[in-house]
Amino acid sequence: MKGSYRIVVKNAVVRYDFEIRRNITIIKGDSATGKTTLIEMIREYYENGKSSGIELNCEKTCSVLSGREWKVLLSVMKEQIVFIDEGNDFVLSDEFARLAQESGNYFVIATREGLVNLPYSVEEIYGIRESGRYAGLKQTYNELYHIYGEKLYTETIKPEKVIVEDSNSGFQFYEKLSQNQRWPLYAVEEIPGCW
């Protein structure tokens with residue numbers, strides 16, 4: 001799958017409206033922010049269709065992956081947007097990372113954990129917040145927002161200091177890069193009180 005997909009999920013009480021652009025999207029946030037509600041609504045619609053009282057609009061099939069049989073379920077999912085709620089420990093495994101990349105699906109994962117085995121962009125980490133779009137009405141409108149922002153730098157960045165993790169390859173890279181820039185360059189191990 002390639003491209004971006006808009007997903008609208010709603011019932012009489014709540015509405016989610018968002019777009020995903022990459023194969024892995026992360027939804028983070030504290031309890032009671034709506035992550036599980038979103039995924040349960042998708043599960044309910046997938047299992048019961050319109051009789052669930054939920055409307056789901058997306059050009060791709062949206063489904064939920066969970067439980068011990070996740071490998072079997074994932075093996076038959078093709079060209080889908082797959083939602084995974086927190087508490088499914090398989091998302092932390094190297095096996096899931098490999099199978100997810102081979103599957104051709106998009107994944108939306110609700111988690112508070114760091115997923116070090118999955119290649120996702122910092123620009124695809126979102127939270128859920130209530131929007132005032134339906135203020136005064138009964139339906140609550142929820143939207144996804146970038147946790148790390150989308151600041152675009154159009155001017156040349158001139159750092160006062162550059163600090164790298166250690167004196168190995170990262171240090172060597174920035175040392176070469178900064179030769180003509182006159183940036184003070186430090187390895188964390190050289191700074192008193194750091195680690």
Side-chain angles (χ1 to χ4, degrees), residues 1-11 14-50 52 54-129 142-152 165 169-170 173:
M1 277 174 52
K2 291 192 189 287
S4 60
Y5 299 93
R6 182 174 179 214
I7 302 167
V8 178
V9 184
K10 64 182 179 176
N11 62 17
V14 66
R15 173 185 170 117
Y16 296 88
D17 188 340
F18 58 97
E19 187 174 289
I20 59 171
R21 296 185 294 265
R22 296 194 182 174
N23 65 330
I24 297 175
T25 300
I26 305 296
I27 302 176
K28 288 189 169 283
D30 295 330
S31 295
T33 55
K35 301 181 305 292
T36 298
T37 301
L38 167 64
I39 293 172
E40 287 304 317
M41 287 174 70
I42 291 168
R43 180 190 315 274
E44 183 71 21
Y45 181 84
Y46 184 79
E47 291 176 0
N48 299 311
K50 291 183 180 180
S52 65
I54 296 166
E55 288 182 45
L56 191 151
N57 295 309
C58 182
E59 68 181 85
K60 294 290 183 178
T61 299
C62 295
S63 58
V64 176
L65 182 64
S66 64
R68 291 185 294 192
E69 301 297 322
W70 68 270
K71 284 184 266 188
V72 174
L73 296 169
L74 183 57
S75 71
V76 296
M77 293 176 169
K78 303 292 181 222
E79 297 276 320
Q80 295 186 26
I81 300 172
V82 180
F83 288 77
I84 303 171
D85 202 1
E86 57 190 343
N88 286 289
D89 291 338
F90 62 80
V91 297
L92 303 172
S93 71
D94 291 335
E95 183 178 24
F96 171 74
R98 181 180 55 78
L99 293 173
Q101 288 181 309
E102 294 170 358
S103 74
N105 296 305
Y106 274 22
F107 293 86
V108 179
I109 304 170
T111 183
R112 290 181 236 178
E113 304 283 331
L115 301 175
V116 296
N117 54 347
L118 291 173
Y120 58 90
S121 168
V122 70
E123 293 178 7
E124 298 309 315
I125 302 174
Y126 297 90
I128 297 176
R129 68 178 166 213
N142 292 297
E143 63 185 1
L144 271 62
Y145 67 95
H146 279 101
I147 289 180
Y148 296 105
E150 288 189 316
K151 180 141 175 88
L152 299 175
E165 183 178 1
S169 60
F173 171 79

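No side-chain heavy atom of Val8 sits less than 4.5 Å from a side-chain heavy atom of Glu55. The shortest side-chain heavy-atom distance between Leu65 and Leu74 falls under the 4.5 Å cut-off. Proximity of Val14 to Met41: side-chain heavy atoms (C-beta onward) are separated by under 4.5 Å at one or more points.
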side-chain contact (heavy atoms from CB on, under 4.5 Å) between Ile128 and Ile27, worked out = CA-CA 7 Å; Ile128 297 176; Ile27 302 176; 3.9 Å; yes
List the steps and the verdict of side-chain contact (heavy atoms from CB on, under 4.5 Å) for Ile7 and Ile20.
-> CA-CA 8 Å; Ile7 302 167; Ile20 59 171; 4.3 Å; yes
Starting from the C-alpha separation in whole Å, work towards a yes-or-no answer on salt bridge (charged side-chain N to carboxylate O under 4.0 Å, His left out) for Arg21 and Glu123.
-> CA-CA 10 Å; Arg21 296 185 294 265; Glu123 293 178 7; 5.5 Å; no
Could you check Phe18 against Leu38 for side-chain contact (heavy atoms from CB on, under 4.5 Å), going step by step and ending with a plain yes or no?
-> CA-CA 11 Å; Phe18 58 97; Leu38 167 64; 4.0 Å; yes
Glu44 and Asn11: side-chain contact (heavy atoms from CB on, under 4.5 Å), yes or no, with the steps?
-> CA-CA 11 Å; Glu44 183 71 21; Asn11 62 17; over 6 Å; no
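In this structure, the separation between CG on Asn48 and CD1 on Ile54 is 8.5 Å, given to the nearest 0.5 Å. Going from atom CH2 of Trp70 over to atom CD of Glu95 covers 4.5 Å, rounded to the nearest 0.5 Å.
A search for salt bridge (charged side-chain N to carboxylate O under 4.0 Å, His left out) contacts involving Glu47 returns nothing, not counting sequence neighbours. Partners of Glu86 according to the side-chain hydrogen bond (donor to acceptor under 3.5 Å, both in side chains) rule, which considers only residues two or more places apart in sequence or in another chain, are Arg112. Looking at residues two or more places apart in sequence or on another chain, you find a ring pair (Phe, Tyr, Trp, His ring centres under 6.0 Å) between Tyr5 and Tyr106. Considering only residues two or more places apart in sequence or on other chains, Asn117 meets the side-chain hydrogen bond (donor to acceptor under 3.5 Å, both in side chains) condition with none of them. Qualifying side chain to side chain contact (heavy atoms under 4.5 Å, CB included) partners for Tyr120, counting only residues two or more places apart in sequence or in other chains: Ile24, Ile26, Leu115, Leu118, Ile125. For the side-chain hydrogen bond (donor to acceptor under 3.5 Å, both in side chains) test, residues two or more places apart in sequence or in another chain that qualify with Ser103 are Asn105. Considering only residues two or more places apart in sequence or on other chains, Glu19 meets the salt bridge (charged side-chain N to carboxylate O under 4.0 Å, His left out) condition with none of them. Residues passing the side-chain hydrogen bond (donor to acceptor under 3.5 Å, both in side chains) test with Asn23, sequence neighbours excluded: none. With sequence neighbours left out, Glu102 forms a side chain to side chain contact (heavy atoms under 4.5 Å, CB included) with Arg98, Leu99.
The shortest non-hydrogen separation linking Ala110 to Ile39 is CB-CD1, 3.8 Å. Among all heavy-atom pairs drawn from Gly49 and Ser52, the shortest one is O-OG, 2.6 Å. In this structure, Ser66 and Leu73 approach most closely via the heavy-atom pair O-CD1, 3.9 Å.
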Kindly list each side-chain donor-acceptor pair under 3.5 angstrom involving residues 77-84, sequence neighbours excluded, with atom names and distances?
residue, atom, partner, partner atom, Å
Lys78, NZ, Ser75, O, 3.1
Glu79, OE1, Lys60, NZ, 3.1
Gln80, OE1, Ser63, OG, 2.6

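The stretch residues 29-49 participates, sequence neighbours left out, in no ring pair (Phe, Tyr, Trp, His ring centres under 6.0 Å) pair at all.
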